[in-house]
Amino acid sequence: MRKQQLIFELLLLAVTIILAVIFLFPFYFSLISAFKSNGQILRDAVSFPKTFYLESFKFLWAKTDFPTATMNSAILTIGGTVMMIVVIPMAAYALERTNKAWTSWMYGFFLAGIMIPFQVYMIPLFKELKLLGLYGSLLGPIVIYVAGSVSFGVLLYTSFLKGIPREIEEAAEIDGCTKYGIFWKIVFPLLGPCTVSMVVLNGLGIWNDFLMPMLVLPSDQPKTVTVEIFTYVGEFSTRWDMVFAGTIISMIPVLAAFLFLQQYFVKGIASGATKG
């Protein structure tokens with residue numbers, strides 16, 4: 001039995017190493033390619049660069065719309081996540097703490113949004129943006145991001161709220177605290193791990209999104225980081241040095257945010273999955 005267990009552990013270790021290499025190779029390839037010229041990438045794509053080529057980074061920041069695109073991505077990410085953590089927790093709190101017949105129907109209505117693919121309602125949604133005057137502005141994607149995250153956000157927050165004792169809110173109400181005061185001063189701070197999970201999941205999704213900015217924002221103006229990187233991919237030629245340099249730059253804020261919020265993110269996901 002001990003020998004069989006040792007063999008099983010070695011096989012598991014081997015599979016883990018293989019999967020780790022498969023997972024990390026694209027990152028390694030992007031990192032080394034970002035410090036090569038386009039000719040070096042085409043000649044020998046997987047070799048380590050002999051000298052660090054930095055002209056791609058300089059060209060991106062000095063002679064392209066990449067800085068403006070980065071700012072647009074930051075505006076969409078920050079604006080979208082802030083609106084999410086303001087609107088969605090209140091909706092989930094109202095559904096969880098209101099014991100009426102319509103709340104269960106509304107909860108099911110929200111969850112139904114998870115089952116509908118974006119491609120199904122994409123064209124009607126863009127027409128609605130044009131009617132509202134939001135097509136071609138940064139506000140349009142922000143509204144869509146917030147609306148699209150309501151279903152999952154309500155599910156996550158309501159699961160977390162079930163683990164918060166109502167006695168805390170009742171005590172605050174007896175002391176004269178209003179409903180809004182109870183939520184923002186007492187309940188919302190307790191939702192911290194859940195909120196961090198929402199920020200990480202949706203923030204990463206917005207920052208890395210390609211389809212929405214590509215379709216909604218004007219084609220003659222700088223868009224977002226992902227769309228700006230795509231402009232260097234041509235039908236007959238591609239500037240791979242610009243593509244990989246832009247990719248590495250776009251990874252930096254994402255990795256920094258995830259490493260900073262990682263422990264809270266894991267805690268929030270675990271708590272939302274076990275409570276209730």
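Under the rule for a salt bridge (charged side-chain N to carboxylate O under 4.0 Å, His left out), Glu96 has no partner lying at least two apart in sequence or in another chain. Residues passing the ring pair (Phe, Tyr, Trp, His ring centres under 6.0 Å) test with Tyr53: none are found, sequence neighbours excluded. Annotation: side chain to side chain contact (heavy atoms under 4.5 Å, CB included) contacts of Pro26 (sequence neighbours excluded): none. Phe29 is linked by a ring pair (Phe, Tyr, Trp, His ring centres under 6.0 Å) to Phe244, counting only residues two or more places apart in sequence or in another chain. Phe59 is linked by a ring pair (Phe, Tyr, Trp, His ring centres under 6.0 Å) to nothing, counting only residues two or more places apart in sequence or in another chain. Applying the ring pair (Phe, Tyr, Trp, His ring centres under 6.0 Å) criterion to Phe8, with sequence neighbours excluded, gives no partner residue. Among residues two or more places apart in sequence or in another chain, the salt bridge (charged side-chain N to carboxylate O under 4.0 Å, His left out) test is passed with Lys58 by Glu55. Every residue was checked against the side chain to side chain contact (heavy atoms under 4.5 Å, CB included) condition with Pro189, not counting sequence neighbours, and none meets it.
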For residues 249-256, run the donor-acceptor check on the side chains, cut-off 3.5 Å, and write out each pair with its distance to 0.1 Å, sequence neighbours left out.
residue : atom : partner : partner atom : Å
Ser250  : OG   : Gly246  : O            : 3.3
Ser250  : OG   : Thr247  : O            : 2.7

Tabulate below the donor-acceptor pairs under 3.5 Å that side-chain atoms of residues 145-155 make, not counting sequence neighbours, or state none.
residue : atom : partner : partner atom : Å
Tyr145  : OH   : Asp209  : OD2          : 2.5
Ser149  : OG   : Tyr145  : O            : 3.2
Ser149  : OG   : Val146  : O            : 2.9
Ser151  : OG   : Phe110  : O            : 2.5

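By the 6.0 Å contact criterion, CD on Glu169 is enclosed, its count of non-hydrogen atoms from other residues, nucleotides or ligands being greater than 12. More than 12 heavy-atom neighbours from other residues, nucleotides or ligands sit within 6.0 angstrom of CD1 on Ile114.
Among residues at least two apart or in separate chains, ring-ring contact (aromatic ring centres under 6.0 Å, His included) pairs with a member in residues 203-229 are Phe210-Phe230. For residues 65-97, the ring-ring contact (aromatic ring centres under 6.0 Å, His included) pairs, not counting sequence neighbours, are Trp61-Phe66, Tyr93-Phe183.
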